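Keep in mind that this is a model prediction, so the values were computed, not measured.
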Amino acid sequence: MPELIVPTSRLYTSWLAARAEWGPDAHMDGGGLGSEDDVDTPEGFAAWVERLHRYGDRTAPVDHGRVHATYWWIAEADEYLGAIDLRHHLNGFLLDAGGHIGYGVRPSARRRGLATWALAAVLHEARLMGMDRVLLTCDPDNEGSVRTIEGNGGVLEDVRETLIGPKRRYWIDL
């Protein structure tokens, strides 16, 4: 059975295999990986994992352009299947293009309902944090994400051009 876990260096090898499935330059939604992160060494990977943990601590500062967020990995046994994050608030960029929640499932684990399941679990966490609604976005041609978001109660607000291309913007009332 899959579960949501806090990011851990224990899954380094599996995470690298997942990244290889996406491709070296692909953006892994929901993972919190920045272009400056060195994840090719165990030490760099461990530092990145620690930074993800720190971003969930509202008393700790976050890097410029970032907001506090809680990160989870979708895992089954010792296999990394994907990631999902809950941003505690929105800055201008996230309000326009990114939303409160981002997620990604490695290509070999797709079409199993993992994103739908993980989103439902994180919506529960958002309720516990006191949020009353959340914004999610996806590319207009990403039918899997459209189904995932709408299946969890997403109501389309609009489709707009953003700094990172066109986005479908959905609100989910909690």
Name the orientation class of the two ring planes belonging to H68 and H88 (parallel below 30°, tilted from 30 to 60°, perpendicular beyond 60°).
parallel

Using 30° and 60° as the class limits, which term best fits the ring planes of W15 and W48: parallel, tilted or perpendicular?
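Rings of W15 and W48: tilted, as their planes differ by 30° to 60°.
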
Which pair of non-hydrogen atoms, one from [X] and one from [Y], has the smallest distance, and what is that distance?
X    : Y    : value
R87  : A69  : CA-CB, 3.9 Å
T8   : W73  : O-CZ3, 3.2 Å
Y55  : V62  : CD2-CG1, 3.4 Å
G99  : T137 : N-CG2, 4.2 Å
A126 : L174 : CB-CD1, 3.6 Å
A109 : L81  : CB-CD2, 3.9 Å

Looking at H89, I'd like to know if its NE2 atom is crowded, meaning that more than 12 non-hydrogen atoms belonging to other residues, nucleotides or ligands lie closer than 6.0 Å.
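Enclosed.
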
Should we say atom CG of L163 is surrounded by more than 12 heavy atoms from elsewhere, each under 6.0 Å from it?
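No, because the 6.0 Å sphere around CG of L163 holds 12 heavy atoms or fewer from other groups.
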
Between [X] and [Y], is any pair of side-chain heavy atoms under 4.5 Å apart?
X    : Y    : value
L114 : E76  : no
E79  : R106 : yes
I74  : W117 : yes

Take D139 and R168, measure what side-chain contact (heavy atoms from CB on, under 4.5 Å) needs, and give me the verdict at the end.
CA-CA 6 Å; D139 291 345; R168 293 175 67 95; over 6 Å; no

Same cluster for I164 and W22 if Ile/Leu/Val/Met/Phe/Trp/Tyr side chains link at under 4.5 Å?
no

In this structure, would L119 and L94 fall into the same cluster of hydrophobic residues linked by side-chain contacts under 4.5 Å?
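Hydrophobic grouping puts L119 apart from L94.
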
Which pairs pass salt bridge (charged side-chain N to carboxylate O under 4.0 Å, His left out) with one or both residues in residues 6-20, sequence neighbours excluded?
R10-D78, R19-D40

Can you tell me which residue pairs pass the side-chain hydrogen bond (donor to acceptor under 3.5 Å, both in side chains) test with a partner in residues 154-164, sequence neighbours excluded?
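Listed by first then second residue: D96-R160, E157-R169, E157-W171, D158-R160, D158-R169.
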
Please check this pair: side chain of [X] against backbone of [Y], looking for a donor-acceptor N/O pair closer than 3.5 Å.
X    : Y    : value
N152 : T148 : yes
N91  : F93  : yes
T70  : G56  : no
S14  : Y80  : yes
D63  : R66  : no
D85  : G102 : yes

CG/L128 to CG/L86 distance, rounded to the nearest 0.5 angstrom?
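Spacing of CG (L128) from CG (L86) equals 10.5 Å.
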
Give me the other members of the hydrophobic cluster that V6 sits in, counting Ile, Leu, Val, Met, Phe, Trp and Tyr linked by side-chain heavy atoms under 4.5 Å, directly or via other members.
none

